[in-house]
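A short write-up of the structure that comes next.
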Amino acid sequence: MLEVSRIRTERDVVANGLKKRGWSEEALKVLDEVIVADDARKIVQTENDGLLSQRNTISKEIGQLFKSGQIDAANEAKSKVEVLKEKISENEKLLSDCISTINDHLFTIPNVPNFKVPDGLTEDDNLLVKDWTAELPQLAESAIPHWDLAKKYDILDFELGVKITGAGFPVFKKQGARLQRALINFFLDEAIAEGYEEIVPPLLVNAASAMGTGSLPDKEGQMYYMEKDDLYLIPTAEIPVTNILRNEIVKEDQFPFKYTAYTPCFRREAGSYGSDVKGLNRVHQFDKIEIVQVQHPSKSHDTLDQMVAYVEGLLNKLELPYRILRLCGGDLTFASALTYDFEVYSAAQKKWLEVSSVSNFETFQSNRLKLRFKDENGKSQFAHTLNGSALALARIIAALLENNQTDQGIVIPEVLRRYTGFDMIK
RNA sequence: GGAGAAUUGGCCGAGUGGCUUAAGGCGCACGCUUGGAAAGCGUGUAUACCUCAAAAGGGUAUCGAGGGUUCGAAUCCCUCAUUCUCCGCCA
């Protein structure tokens, strides 16, 4: 979330940023409400700290008086404190009201978009920063979408998933299962070679962790929730991995922290429907390799560019047609300051599928996480957090199956063959 | 799942209601000392917020978390979390 101090000192920057996200002047009033509530908080706190100080002083005196046997004077002092205590408890109620007002407001305010974020409110306004200029795959007349290929080669079974669990939980089989495992290993090995530290995190997280990344309260309805244990199934490894550094003050020379993790991801996808959900295009459970970095604020945007280049390299190695979009203000997720989406062309569906989203959250997450570092002046500052999918499997598989289909079978990209152990799905 | 014990600063550890402004040690930083190092000596060494134009200074809170009792809580009470030991179950 945003810092109150930033809303105070850079109100115009914040306001203009929120306008980029489609906020009206009316909605922007919440910024002033935050400041008003914070002003009130300071007044109450200043007064209350004074009262607490008085109470502490008198209490010490009472101790002395009792020790020296001046019982009457001690009792008199006690009654003085009684009065103070009443005011203190009133003030504390006021103080906690102010703080919850401030927080309630702050939770509704998304991150301020970076200056590079293009104007616009819909996905049509996203900036195409890199288009696919080569020819798109030309498939034979007989080409079919991946859900039909799944049946033809018996590598992926949607109905079986329905039987075992429900819609959106596909079952991978035979060469399909091995392709899945090959991709996981390939992506992890690539990330490790790039200097990322491999993590195997918990797949269930507590509310504090989900709050830390901004997943709560924003995405409450999109996460599976275990009521009995008060835990959430992760929609992305971003949550457990970024929370490694929650409540930490790191040393400047430790930057950058680079983590990678393979995890299944669980998403309720409430409200999704239509042709977008067909096959592997949108499922409740999918596998993803995530990369996470924690970086010094002055370097985080270079880091973002590096992460984008890294993801691009993966798609090149897989020989998939892709394009890169810089998301516009309206399409940016709640916590992000700048996001690049990667889309892969799935030739039989003739569709671009989102396979990666690489974002810089600047201090939005670290403020919630209390993830700080000491700068050269010895002052605490919030670090910048970044993450990206590298990559999300389900849609990569959809594109691979469709684009690489031939009369002889589905061709496995060169780089994956040492992982799959076969070069063709037949 | 049941029973018991525990949780104090970066780490170890003392602390059963006021003499704690959390002892002492280790570590770390700086200084003195030294030809150089070690040892020794000295000084400093948490976080957040409030106050202050800023710095200095002052104030408040935090001893696993949250409540409570009390004039006053690391210390007493309640709830929860975590760790350890034993029992049960188990891949």
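Numbers restart at 1 for each chain; the letters A, B, ... are given by sequence-line order, proteins then strands.
- For the P atom pair drawn from B:rU75 and B:rU8, the interatomic distance equals 14 Å after rounding to whole Å.
- Distance noted for atom C1' between B:rG4 and B:rG58: 47 Å (whole Å).
- No side-chain heavy atom of A:V294 sits under 4.5 Å from any side-chain heavy atom of A:Q254.
- Using the Watson-Crick or G-U wobble rule with both distances under 3.5 Å, B:rA91 pairs with nothing in any strand shown.
- By the side-chain contact (heavy atoms from CB on, under 4.5 Å) test, A:H296 pairs with A:E252, A:F255, A:S298, A:F373, sequence neighbours left out.
- For the pair A:F172/A:L280, a side-chain contact is recorded, criterion being any heavy-atom separation below 4.5 Å from C-beta on.
- Between A:D229 atom CG and B:rU82 atom C1' there is a gap of 16 Å when expressed in whole angstrom units.
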I'd like to compare against my own output: the B/S/- annotation of nucleotides 50-73 of chain B with a strict under-4.0 Å heavy-atom distance to protein. SS-------BSS---------BS-

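- Across every strand in view, B:rC49 sits in a pair with B:rG59 that passes the Watson-Crick or G-U test at under 3.5 angstrom.
- Across all strands shown, B:rU20 forms no Watson-Crick or G-U wobble pair with both distances under 3.5 Å.
- Look at the P atom in both B:rG13 and B:rU21: the space between them is 24 Å, to the nearest Å.
- Here the C1' atom of nucleotide B:rC28 and the NZ atom of A:K374 are 14 Å apart, to the nearest Å.
- Using a 4.5 Å cut-off on side-chain heavy atoms (C-beta onward), A:I109 and A:M1 make no contact.
- Nucleotide B:rU69 has no partner under the Watson-Crick or G-U criteria, as no pair reaches both atom distances under 3.5 Å.
- Nucleotides B:rA53 and B:rA48 place their C1' atoms 23 Å apart, quoted to the nearest Å.
- Summarising the geometry, the separation between CD on A:Q64 and P on B:rU21 is reported as 11 Å, rounded to the nearest angstrom.
- In this structure, A:T236 contributes its side chain and A:E238 its backbone to a donor-acceptor pair below 3.5 Å.
- The pairing partner recorded for B:rA54 is none, the criterion being a Watson-Crick or G-U wobble arrangement whose two distances lie under 3.5 angstrom.
- Rounding to whole angstrom units, CZ of residue A:F382 and P of B:rA48 are separated by 8 Å.
- Pairing for B:rC11 is with B:rG25, a Watson-Crick or G-U wobble pair whose two hydrogen-bonding atom distances lie under 3.5 Å.
- Separating the C1' atom of B:rA81 from that of B:rG66 is a span of 10 Å, rounded to the nearest Å.
- Comparing B:rA39 with B:rU47, their C1' atoms sit 35 Å apart, to the nearest whole Å.
- Using a 4.0 Å heavy-atom criterion, one finds that A:I249 contacts the sugar-phosphate atoms exclusively.
- For the pair A:F186/A:L318, a side-chain contact is recorded, criterion being any heavy-atom separation below 4.5 Å from C-beta on.
- As rounded to the nearest Å, B:rG88 and B:rG15 have P atoms that lie 36 Å from one another.
- Salt bridge absent: A:K152 and A:D148 never bring a charged side-chain N and a carboxylate O closer than 4.0 Å.
- Nucleotide B:rA46 holds its C1' atom 17 Å from the NZ atom of A:K370, rounded to whole Å.
- Pair check for B:rC41 finds B:rG31; Watson-Crick or G-U wobble, both atom distances under 3.5 Å.
- One P atom belongs to B:rC84, the other to B:rC41, and the distance between them is 39 Å to the nearest Å.
- A:K317 and A:E190 are joined by a salt bridge, as a carboxylate oxygen and a charged side-chain nitrogen come within less than 4.0 angstrom of each other.
- Rounded to a whole Å, the CG atom of A:N103 is 14 Å from the C1' atom of B:rA48.
- For B:rA5, the paired base is B:rU83 (Watson-Crick or G-U wobble, both distances below 3.5 Å).
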